[in-house]
Number of protein chains: 2
Amino acid sequence: MLSGREGVRIPVGTRQRILDAARELGYRPNRTAQSLRTRKTQTIALIFDTVGDGHYAGEMIRGALETALERDHLLYIAETANDPALEEKLLQEMVDRQVDGVILAAMSTRTARLSEHMRRIPTVLLNCLDASGESVCVVPDEEAAGRQAARLLLDAGHRDGVHVVGGHPATGGAHEGLSVGELRMSGIEAAMAAAGTRLAGTVECDWSAPEHGYRATRSLLESARLPTAVVCCNDRLAIGAYQALRESRLRIPDDISLVSFGDSGLPSWLRPPVTSVDTPHHELGAKAVSLLLADEPAPAIHRLPMAVNPRGSITACAPDPREAVPASTEPGAIRSAQPRPLRRAGAHGGGHG
Amino acid sequence: MLSGREGVRIPVGTRQRILDAARELGYRPNRTAQSLRTRKTQTIALIFDTVGDGHYAGEMIRGALETALERDHLLYIAETANDPALEEKLLQEMVDRQVDGVILAAMSTRTARLSEHMRRIPTVLLNCLDASGESVCVVPDEEAAGRQAARLLLDAGHRDGVHVVGGHPATGGAHEGLSVGELRMSGIEAAMAAAGTRLAGTVECDWSAPEHGYRATRSLLESARLPTAVVCCNDRLAIGAYQALRESRLRIPDDISLVSFGDSGLPSWLRPPVTSVDTPHHELGAKAVSLLLADEPAPAIHRLPMAVNPRGSITACAPDPREAVPASTEPGAIRSAQPRPLRRAGAHGGGHG
DNA sequence: CTGAAAGCGCTAACAT
DNA sequence: ATGTTAGCGCTTTCAG
């Protein structure tokens, strides 16, 4: 009766008294014994390739944890460090402890190789796909994200002066053969085309560090026609872009608009805060858990929408940008050449980038 | 015999044959059954108050995981979001699953309140202390960190021009009644005193965002006597300081030296990289696990040394800074007034801050 | 419809 | 020194 057996006929008062007594005595069913019998442990393994700088992982963990808790499950966590042997060992340990399912999470979207274990236990791939296409996968919808970013700019009137910093690097993983960069670019281009226009240009560069964004943006500013808006393919590039723009005395968003794809939570430290299309880490983690715990984990790729976070780095663009923003070939002093060493100590004073 | 019973007399060949067969058949002892019998699960609960921005947590998790794995344990993870009710529930769930021990980790050092559960199960407090002083605690040695930071500067010849940005805010937790800021300041002051000198000044400010560091540093630069070196109490303040220095055309480390206390992994993105005294997240996690798994978890506070990471933001200081750095009351143009809008596209091009 | 009994797979205590 | 047995605390099956 304590285990919740149905159809028991006990006076309601008595029943309640029993339950109360049980609680008062601090009775807790022994989950280990339950598990031995039912072969279910109410636990899930969350295995990362690498926890990385943590931000990505942090939100994912939170999302997964919340959903798991709602469904009365607890989370194991582990990290493979991209070591196949370690991955195998961890998977084995998890299986030994009879986890009810495994979530294999990758920090940067890529194609995963499936271990044997994963054919014998419910598995969800998080932020990665497998070659066979027989797995349940959860990934951000990068192509839609590209369209979202472009729409932000288009809706503000930017049509002819939109440049991209980042582009389609070969590095990084793939969704169905396409890299994150390719997908985002494809989305951006599609949205521009749908609006009857196209990108003014794309600077292809490494996404890994701010300095690449800095250099790419500088090269943009040296061109004959100044951009009205720049799309940065990730946060690090955006930091570099901020730096380059600040050095050129171009103000955001007054002189130029900026959109970024957020993946690190860093944009909130930029001044002014950058409007970005952010990877839904939290939702990815939550979705992975709920799929794992669903009755029929039908093989499929679940693409989650990215979140648009307007933070004021976009300004309406005049119909003809040539009148609003005069072109310049002088890299040294594009706009106000006035040196303003110790500027603004106000609310935005901590500005950087 | 499979469970490793001692004193069994079996021909060596046979013994090996059995083991081989077992492996070939894929035999794995059922850990759940083991646990039911032995009341040990080879698992540890790692419970954070908040995973925060993740960096802190990421390294801690890694450290804990490595050590746990070495000792054949797996890690549960959870987050209480500083909600006592949730903490209680999670603790209960962990106890129900018979974890062998609990690590209670705080993101920012503070004093913890002990739940009843923790008196009945081995517990280690990570990055926090409890009022009773009866727990096993692992914390960074903040006072030593202060001395380390000061020594870096003193060894480079900085004696009379060292300023601190941050100070001793009342906010944040405490080690034996002292906040992180108080401890660090105390260490800095002790080291300066030991060297026969003292701080030129301290700007007390909020540690939470770059803009406070920016403003504090600006105020420093407006004073009559220019600092030869600045100590920033955390990464965010350092970012703000970088920004202020850059706007003043002061070069790091040529014109001014900088040291920071690292807590976010962010310093690596600053140009030039900032020399910092870093919280040993990884070691904290590892130590917590090994203490938890030790035979006698004697109540004690374990202070772990912080790691010094020289990254080139400190330069030797002339014996008399007054000759090396002329004072100025003009905030507008302290040093080279030359506007250099699009500077250096080279290796350090991505610089920001 | 309800109570009793038989295990889940292992380890520890027990006889041989 | 080795083989045997009795549970760990629960769920499920099977009689009653």
Side-chain angles (χ1 to χ4, degrees), chain A residues 1-45 68 71-74 76 89 91-102 116-117 120-122 293 295, chain B residues 1-45 71-74 76 89 91-102 117 120-122 293 295:
Chain A
M1 173 266 177
L2 279 174
S3 17
R5 196 167 176 174
E6 286 298 318
V8 197
R9 196 175 38 208
I10 303 176
V12 191
T14 309
R15 169 180 226 113
Q16 193 53 52
R17 215 139 8 103
I18 297 175
L19 259 32
D20 287 350
R23 177 151 347 116
E24 205 139 342
L25 288 171
Y27 171 74
R28 297 246 102 206
N30 183 322
R31 285 232 190 233
T32 308
Q34 279 182 352
S35 298
L36 182 59
R37 200 64 241 270
T38 63
R39 329 208 109 220
K40 296 218 163 311
T41 54
Q42 308 284 97
T43 59
I44 294 173
R71 315 265 316 244
D72 198 28
H73 283 242
L74 246 36
Y76 281 106
K89 179 195 161 78
L91 239 21
Q92 182 63 260
E93 290 287 342
M94 295 296 183
V95 169
D96 284 356
R97 279 164 183 84
Q98 295 188 43
V99 293
D100 295 343
V102 172
E116 260 318 300
H117 286 299
R120 310 188 171 281
I121 190 173
L293 264 30
D295 292 328
Chain B
M1 172 266 179
L2 278 175
S3 20
R5 194 166 176 174
E6 284 300 316
V8 197
R9 195 175 39 210
I10 304 177
V12 190
T14 309
R15 167 179 228 112
Q16 193 52 53
R17 215 139 7 105
I18 297 175
L19 259 33
D20 287 351
R23 177 155 340 119
E24 206 139 341
L25 289 172
Y27 171 74
R28 297 245 102 206
N30 182 321
R31 285 230 190 233
T32 307
Q34 280 183 351
S35 298
L36 181 60
R37 200 62 241 267
T38 64
R39 330 207 108 223
K40 296 221 163 308
T41 54
Q42 308 284 98
T43 57
I44 294 172
R71 316 263 317 245
D72 198 28
H73 283 242
L74 245 36
Y76 281 107
K89 180 195 161 79
L91 239 22
Q92 183 63 260
E93 290 287 342
M94 295 294 183
V95 169
D96 284 354
R97 279 162 183 86
Q98 294 186 43
V99 294
D100 296 342
V102 171
H117 286 299
R120 312 188 168 281
I121 190 174
L293 265 29
D295 291 328

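Every heavy atom of this structure was used, including side-chain atoms; hydrogens, water molecules and symmetry mates were not. Every chain is numbered from 1, with letters handed out A, B, ... down the list of sequences.
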Only one of B:T41, B:T43, B:L293 passes side chain to side chain contact (heavy atoms under 4.5 Å, CB included) with B:H73, and that residue is B:L293
One should read off an interatomic distance between A:R71 CZ and A:I44 CD1, to the nearest 0.5 angstrom, of 8.5 Å
To the nearest angstrom, the CD-C1' distance between A:Q98 and D:dC10 comes to 14 Å
Winner on side-chain proximity to A:R37, out of C:dG7, C:dA12, C:dG9, is C:dG7
When rounded to the nearest 0.5 Å, the distance separating CG of B:D72 from CD of B:Q42 is 5.0 Å
Whole-Å distance, A:R39 CZ to D:dT12 P, equals 13 Å
Distance col, row B:R31:CZ vs A:D96:CG, nearest 0.5 angstrom, shows 6.0 Å
Those residues at least two apart in sequence (or on a different chain) that pass side-chain contact (heavy atoms from CB on, under 4.5 Å) with A:T32 are A:N30, B:T32, B:S35, B:L36, B:Q98
Separation of C:dG7 atom P from A:L36 atom CG, nearest Å, is 14 Å
Check the phosphate of C:dC10 against B:Y27, side-chain N and O only, distance under 4.0 Å to OP1 or OP2. Yes or no? yes
B:D96 CG to D:dC8 P, in whole Å, measures 19 Å
Here the distance between atom P of C:dC10 and atom CZ of B:R31, to the nearest Å, is 12 Å
To the nearest angstrom, the CZ-P distance between A:R28 and D:dG9 comes to 16 Å
From CG of B:N30 across to P of D:dC8 the rounded distance in Å is 18 Å
Between the CE atom in A:M94 and the NZ atom in A:K89, the distance rounded to the nearest 0.5 Å is 11.0 Å
All stems that DNA chain D takes part in, i.e. 3 or more consecutive Watson-Crick or G-U pairs with distances under 3.5 Å, are C:1-14 with D:3-16
note: B:Q34, atom CD; C:dC8, atom C1'; distance rounded to Å ~ 14 Å
